[in-house]
Amino acid sequence: MAAPLAPAAPEAPAVPVPRFDYLPVALFGSVMGLTGLSVAWRLAAARYGLPVLVADAIGWGALLSFIALALAYGAKAVTAWPAVTAEFRHPIAGNLFGTVLISLLLLPFVLHDLSPALAAAAWIVGTGGMALFAVLIVSRWMGSRQQLAHATPAWMVPVVGLLDIPLAAPALGLPHTQTLAMAALSIGLFFAGPLFTLVFARLVFEEPLPPAQRPTLMILVAPFAVGFSSYTATFGRIDAFAEALFLVGLFMFVVLLGRLRDLPRCCPFRVSWWAVSFPLAAMAVAALRYAEHVRAVPADILALALLALATAGIAALATRTLVGIARGELRRLAG
């Protein structure tokens with residue numbers, strides 16, 4: 001009589017193949033830059049009669065980029081969760097998870113004409129997420145000793161990113177948002193001062209930033225450019241304080257633009273270069289709003305020059321990124 005067959009050993013669960021494990025969350029900064037540029041072109045269309053179709057096309061590009069990145073990073077979270085947690089715990093890269101939430105705060109400018117309800121939902125999710133993220137990161141900073149070498153411009157994103165909350169609020173027309181906008185503006189500006197001082201001290205007294213992080217220097221413009229737009233959105237006017245924010249931002253922009261002018265020659269292209277896109281767009285938006293306020297020819301020339309610079313810069317970044325994707329170079333460019 002034949003011996004009974006032994007039961008088959010249970011198969012080990014299949015381990016998912018990591019997908020997009022190299023994709024940095026900072027690439028959501030491209031959505032921020034494209035959305036900001038769309039807003040700038042819309043303002044320019046209203047003031048100078050430029051084609052609004054350009055603003056719409058850039059806005060659709062921002063929306064499609066967000067969807068593509070959300071799907072790709074979602075695949076990374078499902079198939080390579082340890083890579084996501086390692087990125088979140090990193091003392092520098094972890095701050096850039098705020099770019100996802102800031103994208104949600106800016107996309108309502110694009111979504112409002114398509115679906116006001118969807119625009120409001122994106123803003124509400126982005127607002128709640130940004131507030132929780134700011135609390136979490138500030139608690140992390142205060143809960144353990146930090147190294148001055150880690151104080152890079154990326155540290156501005158989690159808390160100063162609160163300044164993006166009031167930007168789209170007036171267009172959405174949601175009730176009871178004035179106090180929330182005031183809180184976001186106050187906290188963002190309050191923390192901008194010490195964080196800017198800390199990062200500036202690190203840049204002056206410590207080793208220079210690694211080449212891959214040098215484009216993030218332009219983030220230092222954001223507290224002033226976005227602060228100006230956030231202040232005017234909250235209070236509906238441009239007063240002396242708002243003008244001071246714009247002028248300080250313009251000074252920092254000129255300084256940093258000079259620092260980054262040799263970047264294409266000294267450092268190979270990486271997706272981290274997208275860090276310059278949103279500050280470029282935010283400065284153009286601020287200049288266009290300022291020009292509308294002062295109604296002077298020099299201000300108009302400055303606004304159009306900054307719009308042209310932001311458009312050319314972001315177009316170059318988009319072209320180089322798409323070429324890299326077509327060539328299968330995304331893993332290397334993300335390194």
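Keep in mind that this is a model prediction, so the values were computed, not measured. As a basis for the values below, the full set of heavy atoms in this structure was taken, side chains included, without hydrogen atoms, waters or symmetry mates.
With values rounded to the nearest 0.5 angstrom, Gln213 atom CD is found 10.0 Å from Ile219 atom CD1. In this structure, Met32 CE and Leu37 CG are separated by 13.5 Å, a value rounded to the nearest 0.5 Å. Going from atom CZ of Arg289 over to atom CG of Leu43 covers 5.5 Å, rounded to the nearest 0.5 Å. Within the model, atoms CG of Leu220 and OG1 of Thr216 stand 7.5 Å from one another, a figure rounded to the nearest 0.5 Å. Note: Ser277 OG to Met218 CE = 10.5 Å, rounded to the nearest 0.5 Å.
Side-chain N or O atoms of Thr197 include one that pairs as donor or acceptor with a backbone N or O of Gly193 at under 3.5 Å. Formation of a donor-acceptor pair under 3.5 Å by the Gln146 side chain with backbone atoms of Ser144 is found in this model. Although no hydrogens or angles enter the test, the distance criterion places no donor-acceptor pair under 3.5 Å between the side chain of Ser229 and the main chain of Val226. One N or O on the side chain of Arg202 and one on the backbone of Glu207 form a donor-acceptor pair closer than 3.5 Å.
Contact check for Leu280 versus Leu309: side-chain heavy atoms found under the 4.5 Å cut-off. Between Ser30 and Leu69, the closest side-chain pair of non-hydrogen atoms falls below 4.5 Å. Proximity of Leu217 to Met252: side-chain heavy atoms (C-beta onward) are nowhere separated by under 4.5 Å. Between Tyr73 and Leu27 the shortest side-chain heavy-atom distance does not fall below 4.5 Å.
Alongside Ile301, the hydrophobic cluster contains Val297 (criterion: ILVMFWY side chains under 4.5 Å).
Counting only residues at least two apart or on different chains, the salt bridge (charged side-chain N to carboxylate O under 4.0 Å, His left out) pairs with a member in residues 81-105 are Lys76-Glu87. Annotation: side-chain hydrogen bond (donor to acceptor under 3.5 Å, both in side chains) contacts involving residues 90-116, sequence neighbours excluded, are absent. Residue pairs meeting the ring pair (Phe, Tyr, Trp, His ring centres under 6.0 Å) criterion with at least one member in residues 285-314, sequence neighbours excluded, are Phe246-Tyr290. For residues 194-226, the ring pair (Phe, Tyr, Trp, His ring centres under 6.0 Å) pairs, not counting sequence neighbours, are Phe196-Phe224.
Both Val271 and Leu209 belong to a common hydrophobic cluster when Ile, Leu, Val, Met, Phe, Trp and Tyr are linked at side-chain heavy-atom distances under 4.5 angstrom. Note on Val294 and Val248: same hydrophobic cluster, where clusters join Ile, Leu, Val, Met, Phe, Trp and Tyr whose side-chain heavy atoms are under 4.5 Å apart, directly or indirectly. Clustering ILVMFWY residues whenever any of their side-chain heavy atoms sit less than 4.5 angstrom apart, transitively, puts Val25 in the very cluster that holds Val84. Under the 4.5 Å side-chain heavy-atom criterion for grouping Ile, Leu, Val, Met, Phe, Trp and Tyr, Leu247 is not connected to Val254 through any hydrophobic cluster. Under the 4.5 Å side-chain heavy-atom criterion for grouping Ile, Leu, Val, Met, Phe, Trp and Tyr, Val100 is not connected to Val135 through any hydrophobic cluster.
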Could you pull out every donor-acceptor pair under 3.5 Å between side chains of residues 175-190 and any protein atom, sequence neighbours left out?
| from | atom 1 | to | atom 2 | distance (Å) |
| --- | --- | --- | --- | --- |
| Thr177 | OG1 | Leu174 | O | 3.4 |
| Gln178 | NE2 | Thr234 | O | 3.2 |
| Ser186 | OG | Met182 | O | 2.7 |

Donor-acceptor list for residues 54-67 side chains, cut-off 3.5 Å, not counting sequence neighbours:
| from | atom 1 | to | atom 2 | distance (Å) |
| --- | --- | --- | --- | --- |
| Asp56 | OD1 | Arg42 | NH2 | 2.5 |
| Ser65 | OG | Gly61 | O | 2.7 |

What side-chain donor-acceptor pairs closer than 3.5 Å can you find for residues 150-171, not counting sequence neighbours?
| from | atom 1 | to | atom 2 | distance (Å) |
| --- | --- | --- | --- | --- |
| Trp155 | NE1 | Pro91 | O | 3.2 |
| Trp155 | NE1 | His150 | O | 2.8 |

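For Val125, the side chain to side chain contact (heavy atoms under 4.5 Å, CB included) test picks out Leu104, with sequence neighbours left out. With sequence neighbours excluded, the residues that form a salt bridge (charged side-chain N to carboxylate O under 4.0 Å, His left out) with Arg295 are Glu292. By the salt bridge (charged side-chain N to carboxylate O under 4.0 Å, His left out) test, Arg320 pairs with Glu329, sequence neighbours left out. Legend: residues meeting side chain to side chain contact (heavy atoms under 4.5 Å, CB included) with Phe251, ordered by chain and number and at least two apart, are Val255.
Counting non-hydrogen atoms of other residues, nucleotides and ligands closer than 6.0 Å to CZ of Arg19 gives a total of 12 or fewer.
When ring centroids are compared, Phe97 and Phe88 come within the 6.0 Å threshold.
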